[in-house]
Amino acid sequence: MDLTLTEAELCFQRQVRDFLAAALKPEWRGVSDVDNRTQPAIMAKWQAALAAKGWLTAGWPVVNGGLGWSPMQHHIFRQACSQARAPKISTMSIGMIGPLICAFGSPAQQEFYLPRIITGADMWCQGFSEPNAGSDLASLQTSARRDGDDYIVSGQKIWTTYAHVATQMFCLVRTVAHAERPQAGITMLLIDMKLPGITVRPIRTIDGEHHFNEVFFDDVRVPTSCRLGGEHKGWDVARALLAFERSGIADVVATRQLLGDVAVIAAGEASGDTTLLDRKDFASRLTKLDIALEALEVFEMRVMDAAERKASKDHDASMLKILGSELKQEIYALGISALGILAVAWPDDASPAHPSGAGSKLVVDALFARASSIYGGANEIQRNIVAKALLKSGFEI
Ligand SMILES: Cc1cc2nc3c(=O)[nH]c(=O)nc-3n(C[C@H](O)[C@H](O)[C@H](O)COP(=O)(O)OP(=O)(O)OC[C@H]3O[C@@H](n4cnc5c(N)ncnc54)[C@H](O)[C@@H]3O)c2cc1C
């Protein structure tokens with residue numbers, strides 16, 4: 001595999017960097033992913049800037065506003081955005097439900113929902129997990145029974161990120177109580193969050209933020225026109241979505257930035273003429289993580305290269321998800337040990353900041369990063385997927 005960018009790719013990279021330099025406002029840069037107080041508003045402004053350029057929906061099919069970029073162009077774009085510390089865009093709206101409506105939506109659904117996603121009129125959340133259906137998603141019990149032109153939805157979802165700010169939910173419901181295979185009786189509905197009978201209750205996470213929620217459905221009437229894909233065919237729709245969700249979670253470029261931040265913290269930890277970076281034990285941990293990250297970067301490029309040749313393997317996304325999430329957690333752990341006593345600082349409190357300015361932001365992000373090996377399908381489940389695939393293929397990676 002040749003990792004050198006072609007002339008055309010280098011030219012595209014310059015275009016992206018020029019755009020970012022002109023369009024990214026300084027106050028939008030480097031906003032923590034987990035800062036829910038400022039994130040949604042800044043995300044909306046950044047999405048509007050990308051939409052104006054025509055790049056917000058680059059990954060969608062060309063007929064729906066996509067740009068037909070190659071996997072390498074997407075990679076270059078993501079990398080440049082991350083290096084410029086651009087805000088995130090809404091994965092659920094732009095990366096998940098948008099492409100799904102392009103693939104499975106009726107013309108009327110595409111006409112209604114897609115422009116609202118692009119303008120930011122709608123923000124989406126994902127209603128899959130339930131108290132007794134996470135890894136074993138097919139055992140979900142939220143029910144939808146037909147009543148004329150409506151489904152009557154009853155049950156509960158949990159861990160629903162952004163349900164408290166979302167206007168719409170893509171939601172898996174059970175439409176056959178006792179199907180032969182549990183996967184066979186599931187349907188996907190697009191549910192307006194303002195419908196009567198929906199209650200959203202917050203759950204606070206270890207970082208002190210309000211990311212996700214419990215959502216209760218009490219006989220909520222959802223028009224059948226809001227069904228995405230066929231009745232009882234929701235599992236196929238959901239499968240198309242989950243592979244995408246996992247590949248995004250590797251977050252390799254952002255992890256490279258994080259490693260750089262940790263090195264800056266360590267360089268500021270001086271004792272006499274030396275810094276933490278000069279200490280062999282610390283330098284050795286940092287170097288090991290740097291090497292592991294480099295290996296992951298090369299692996300990501302291999303996955304990208306395979307995608308260009310339409311030779312991707314189903315378990316590639318799972319491997320990226322496992323390696324990316326666990327490496328990120330290890331780097332955060334090293335960052336916290338570099339911060340020492342200042343790692344107890346918390347945003348808004350009067351504790352002294354680390355000279356690098358990292359302190360509390362890194363700690364809060366590190367706490368939230370604990371979740372990265374759980375969401376998008378727990379890493380144990382991803383390991384099962386990888387093991388099954390490798391055992392079948394005789395360990396050909
Ligand atoms: C920050 C965050 C945001 C989330 N956002 C959303 C969202 O927006 N929408 C949504 O629908 N869900 C969301 N989730 C839920 C997420 O998808 C689930 O937490 C995840 O799928 C695991 O399910 P669970 O929590 O029910 O754990 P369980 O499935 O109960 O698993 C508990 C433990 O058992 C292990 N385990 C379970 N089955 C097996 C097995 N077969 N083999 C080996 N080990 C196994 C798991 O790996 C895990 O360690 C979010 C979760 C987090 C942490």
Side-chain angles (χ1 to χ4, degrees), residues 32-36 39-40 88 90-97 100 123-142 153 155-174 182-183 186-191 193 198 200-217 228 234-235 237-239 241-249 251 315 317-318 321-322 324-326 328-329 332 364-389 391:
S32 161
D33 282 355
V34 300
D35 179 0
N36 275 334
Q39 249 280 334
K88 287 264 153 72
S90 167
T91 309
M92 284 181 201
S93 298
I94 308 297
M96 295 167 85
I97 191 62
L100 217 57
M123 178 157 174
W124 288 78
C125 62
Q126 176 186 20
F128 283 17
S129 305
E130 297 184 3
N132 292 311
S135 302
D136 182 16
L137 188 58
S139 63
L140 64 91
Q141 290 302 320
T142 296
V153 178
Q156 184 197 344
K157 296 290 171 182
I158 195 166
W159 319 125
T160 323
T161 303
Y162 281 148
H164 53 301
V165 284
T167 56
Q168 297 279 343
M169 171 190 281
F170 51 100
C171 183
L172 289 178
V173 293
R174 179 157 296 290
Q183 290 88 344
I186 290 173
T187 299
M188 186 173 287
L189 297 180
L190 308 178
I191 301 182
M193 292 296 283
I198 299 180
V200 177
R201 205 188 280 167
I203 304 175
R204 294 239 164 235
T205 38
I206 190 173
D207 59 1
E209 290 282 347
H210 174 194
H211 300 277
F212 53 31
N213 308 271
E214 294 178 286
V215 181
F216 298 88
F217 298 91
L228 187 64
W235 195 252
V237 184
R239 276 172 62 93
L241 195 73
L242 289 176
F244 178 84
E245 187 184 8
R246 266 171 228 141
S247 53
I249 285 170
D251 227 0
H315 57 279
S318 297
K321 201 254 159 170
I322 298 167
S325 57
E326 293 179 4
K328 185 158 66 175
Q329 289 171 348
Y332 272 122
V364 170
D365 288 351
L367 288 172
F368 189 70
R370 300 302 309 157
S372 64
S373 44
I374 304 173
Y375 57 69
N379 282 16
E380 291 80 4
I381 300 299
Q382 305 310 321
R383 285 191 157 84
N384 288 347
I385 294 172
V386 174
K388 261 191 211 162
L391 287 171

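Residue numbers start at 1 and run along the sequence shown. Every number for a ligand or one of its atoms is a count from 1 in the order of the listing.
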(request) For the pair Phe128 and Phe170, name the ring-plane relationship: parallel under 30°, tilted 30 to 60°, perpendicular over 60°. (result) perpendicular
(message) Only heavy atoms of Phe128, strictly under 4.0 Å: list the atoms of ligand 1 that pass.
(response) 11 (O)
(request) Below 4.0 angstrom from a heavy atom of Glu380, which ligand 1 atoms are there? Numbered from 1 as shown, please. (result) 43 (C), 44 (N), 46 (C), 47 (O), 49 (O)
(request) Among residues two or more places apart or on two chains, list those pairs meeting salt bridge (charged side-chain N to carboxylate O under 4.0 Å, His left out) that have a residue in residues 126-137. (result) Glu130-Lys157
(message) Minimum heavy-atom separation for Pro182 and Ala138, please, with both atom names.
(response) CB-O, 3.4 Å
(message) On a heavy-atom basis, I'd like to know which of Phe212, Phe368, Trp159 is closest to atom 14 (N) of ligand 1.
(response) Trp159
(request) Return the minimal non-hydrogen interatomic distance between Ser135 and Ala378, and the atom names on each side. (result) OG-CB, 4.5 Å
(message) Less than 4.5 Å apart, side chain to side chain, heavy atoms only: is that true for Thr167 and Trp124?
(response) no
(request) Could you tell me whether ligand 1 has any atom less than 4.0 Å away from a heavy atom of Tyr162? (result) no
(message) I'd like to know if Met92 contacts ligand 1, where contact means a heavy-atom distance under 4.0 Å to any ligand atom.
(response) yes
(message) For a side chain to side chain donor-acceptor pair (under 3.5 Å) check, start with the C-alpha distance between Glu326 and Asn379, then their side-chain angles and the critical distance, and finish with the verdict.
(response) CA-CA 9 Å; Glu326 293 179 4; Asn379 282 16; 2.9 Å; yes
(message) Tyr375 versus ligand 1: do any nitrogen or oxygen atoms come within less than 3.5 Å of each other?
(response) no
(request) State the atoms of ligand 1, each with its element, that fall below the 4.0 Å cut-off from a heavy-atom position in Ala371. (result) 1 (C), 53 (C)
(request) Ignoring angles and geometry beyond distance, decide whether Ser135 reaches within less than 3.5 Å of ligand 1 through its nitrogen or oxygen atoms. (result) yes
(request) Go through the structure and list residues passing side-chain hydrogen bond (donor to acceptor under 3.5 Å, both in side chains) with Glu380, not counting sequence neighbours. (result) none
(request) Tell me which one of Asn379, Asn384, Ile203, Ile374 gets a heavy atom nearest to atom 19 (O) of ligand 1. (result) Ile374
(request) Name the option, out of Ala166, Gly127, Ser129, that contains the heavy atom nearest to atom 16 (C) of ligand 1. (result) Ser129
(request) Could you verify whether a donor N or O on one side chain and an acceptor N or O on the other, from Gln329 and Ser373, lie under 3.5 Å apart? (result) yes
(request) Using distance alone, decide if ligand 1 has a nitrogen or oxygen within less than 3.5 Å of any nitrogen or oxygen in Gln126. (result) yes
(request) For Ala378, counting its heavy atoms only, list the atoms of ligand 1 lying under 4.0 Å from any of them. (result) 46 (C), 47 (O)
(request) Have a look at ligand 1 and work out which part of Leu137, if any, has a heavy atom under 4.0 Å from it: side chain, backbone, both or neither. (result) neither
(message) So that I know where these two stand, are His164 and Phe212 an aromatic pair - ring centroids less than 6.0 Å apart?
(response) no
